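The structure appears right after this line, and notes come after that.
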Amino acid sequence: MRESKVIAPDLLDWYDRHARTLPWRVPPGGPPADPYRVWLSEVMLQQTTVAAVKAYFLRFTTLWPTVQALAGADDAAVMAEWAGLGYYARARNLLACARAVTAMGGFPDTRAGLQALPGIGAYTSAAIAAIAFDRAETVVDGNVERVVSRLFAVQTPLPRAKPELVTLAETLTPQARPGDYAQAMMDLGATICTPRSPACVICPLQAVCDARAQGIAAELPRKTPKPAKPLRQGSVWLARQGGALLLEHRPPQGLLGGVLAFPSAGWDGRDLPPPGPAAWCDLGAVRHVFTHFTLDLTVLLGDLTGNPTRGELTPLRQIDREALPGLMRKVWDMAQPALRG
DNA sequence: ATCCGGTTAT
DNA sequence: ATAACCGGAT
C-alpha cells in the first residue's frame, strides 16, 4: 500500500496564479466553459499541440459558434477547415458527434454518456465531464501520466503502468473544483513537469514528489523500449509475358503465409533467384512496416525471355488489387505507370 | 532523426 | 492486443 497524498489545494493555488490563457478556457474559479467549446478543443487537442490548435479553434468557432451550427455544416467544408491538423478520422467523428448531440438536444453531462459519442474515448469523456460539467472525474492524458508517475516514483514502464497510474490519479482528484484541478494537472505537465527537463525547483508539488526526492524526476515515466525495428531489404519481381504478370501463393506458414504475391526474395529468410530470365528494370522501392521490422522492397519489372521458374502467369486485367496484401498493393500501385506506358 | 500522443478498427 | 492515423517539437 502506497502512502496517500493530498495535492489539490497546492495545485489549485498554483493554477489560480499561473493558469494558461487559452481561447477555449474560462478563468479559474468561475463558472464552467461551454461544453461545445470544451469538446471541440479537446478533440482538436488529441495528439496535437496547443500551439497548432489555437488558430483552428478560432476559425471553427467563428464559422460554427454552436454544436447545432456545426451539425448543419457540409462534410466537405469541415474537412477543408480541418486540413493540416492531421488525424482526419477526428474530423469525421467530429461531425458525426455534432449531429448526434444535436439530435439528442445537447451534450450528455456524464462521462458514460459522453463516451458513447463518436470520437470521445476515456480521456475526452473525463475531460468534458470535469471541465464543462464540474464532475469529479479523473482526467488522464500524457501530461497526467507523467506527473503521477513522478509524484509516486512509479518504476513500472509504460504502457504497462497505465492502469496503476489511473488508480493513483484517482486518489488525487478532489470533489471541489474538479474541472480546474484537471486543467491544472495538464498545465503543470505542460509547463513545469515537462518530459525532458522538469522545472522541479519551481514546482508547487516539489515537497510531496517522490521522484524529486529521489532525484529521478527526469527519468520518469519509464517506457518499454519499442523493439527497435531493423530495416530489411529485398527484391520483388514483376515478371511480364504478353499481358500477364507472374503471381504466386506464398508458403502457407510464416510471414504473409498463403497469400497471393508477386515473387520476391531476400527479406523473408528465402534467398531465391529471379523467377525467370529477363532484363530487369528498377522501378524504385516500396517501404512497408511489419510488426518486427521495416522492409524496403526494390520493385523490378522485366519481360520474360524464357519460361518462368515459379508462380503462375495471370492476365493483368484479372489481377485484383484487393486480393493482395498491403505490401503487394504498394508494389502494384508503384508499377501502374510503367505497366501502362 | 527521433519522440510524442487519444481513438478506432482490426 | 495492436496497428493505423498525422503533424509538430526537440
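This one's a predicted model, so the numbers in the text were calculated from it and none came from an experiment. Per chain, numbering begins at 1; letters A, B, ... match sequence-line order.
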Between the protein and nucleotides 8-10 of chain C, which nitrogen or oxygen pairs come in under 3.5 angstrom?
none

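- Atom C1' of nucleotide B:dG6 and atom CE of A:M186 are separated by 13 Å, given to the nearest angstrom.
- Every residue two or more places apart in sequence or in another chain was checked for a salt bridge (charged side-chain N to carboxylate O under 4.0 Å, His left out) with A:R212, and none qualifies.
- For A:K223, no side-chain nitrogen or oxygen approaches OP1 or OP2 of B:dC3 to under 4.0 Å.
- The salt bridge (charged side-chain N to carboxylate O under 4.0 Å, His left out) check on A:K223 picks up nothing, with sequence neighbours excluded.
- Within residues 141-148 of chain A, the residues approached by DNA chain B to less than 4.0 Å at the level of any non-hydrogen atom are A:D141, A:G142, A:R146, in residue-number order.
- For A:Q115 and A:Y87, each mapped to the nucleotide of DNA chain B holding its nearest heavy atom, the one lying further toward the 5' end belongs to A:Y87.
- Relative orientation of the A:W280 and A:W237 rings is tilted, given thresholds of 30° and 60° on the angle between their planes.
- When the P atom of B:dG6 is taken as reference, atom CD of A:E42 falls 10 Å away, rounded to whole Å.
- For the pair A:L45 CG and B:dG5 C1', the interatomic distance rounds to 11 Å; values are reported in whole Å.
- In this structure, A:L94 places its CG atom 14 Å from C1' of B:dG6, rounding to the nearest Å.
- Partners of A:D187 under the side-chain hydrogen bond (donor to acceptor under 3.5 Å, both in side chains) rule, at least two apart in sequence or in another chain, are A:R20, A:R25.
- Partners of A:F107 according to the ring-ring contact (aromatic ring centres under 6.0 Å, His included) rule, which considers only residues two or more places apart in sequence or in another chain, are A:W39.
- If you measure from atom CD1 of A:I120 to atom P of B:dG6, you get 15 Å, rounded to the nearest angstrom.
- Between the side chain of A:Q46 and the base of B:dG6, no donor-acceptor pair under 3.5 Å is found.
- The residue A:L85 sits close only to the backbone: its heavy atoms come under 4.0 Å of sugar-phosphate atoms, none of a base.
- Every residue two or more places apart in sequence or in another chain that forms a side chain to side chain contact (heavy atoms under 4.5 Å, CB included) with A:A244 is listed here: A:L313.
- Evaluation of the side chain to side chain contact (heavy atoms under 4.5 Å, CB included) rule for A:T138 yields A:V140, A:A169, A:E170, A:T173 as partners, not counting sequence neighbours.
- A:E164 places no side-chain N or O within 3.5 Å of a backbone atom of A:A161 that could act as its donor or acceptor partner.
- Rounded to whole Å, the distance from CZ on A:R160 to C1' on C:dT2 is 17 Å.
- Atom pair A:R111:CZ and B:dT7:C1' shows a separation of 14 Å (rounding to whole Å applied).
- By the side-chain hydrogen bond (donor to acceptor under 3.5 Å, both in side chains) test, A:R150 is found to be paired with no residue, residues two or more places apart in sequence or in another chain being considered.
- Nucleic acid contact for A:P118: sugar-phosphate only, since backbone atoms but no base atoms lie under 4.0 Å from a heavy atom of the residue.
- Summarising the geometry, the separation between CD on A:Q47 and C1' on C:dA3 is reported as 13 Å, rounded to the nearest angstrom.
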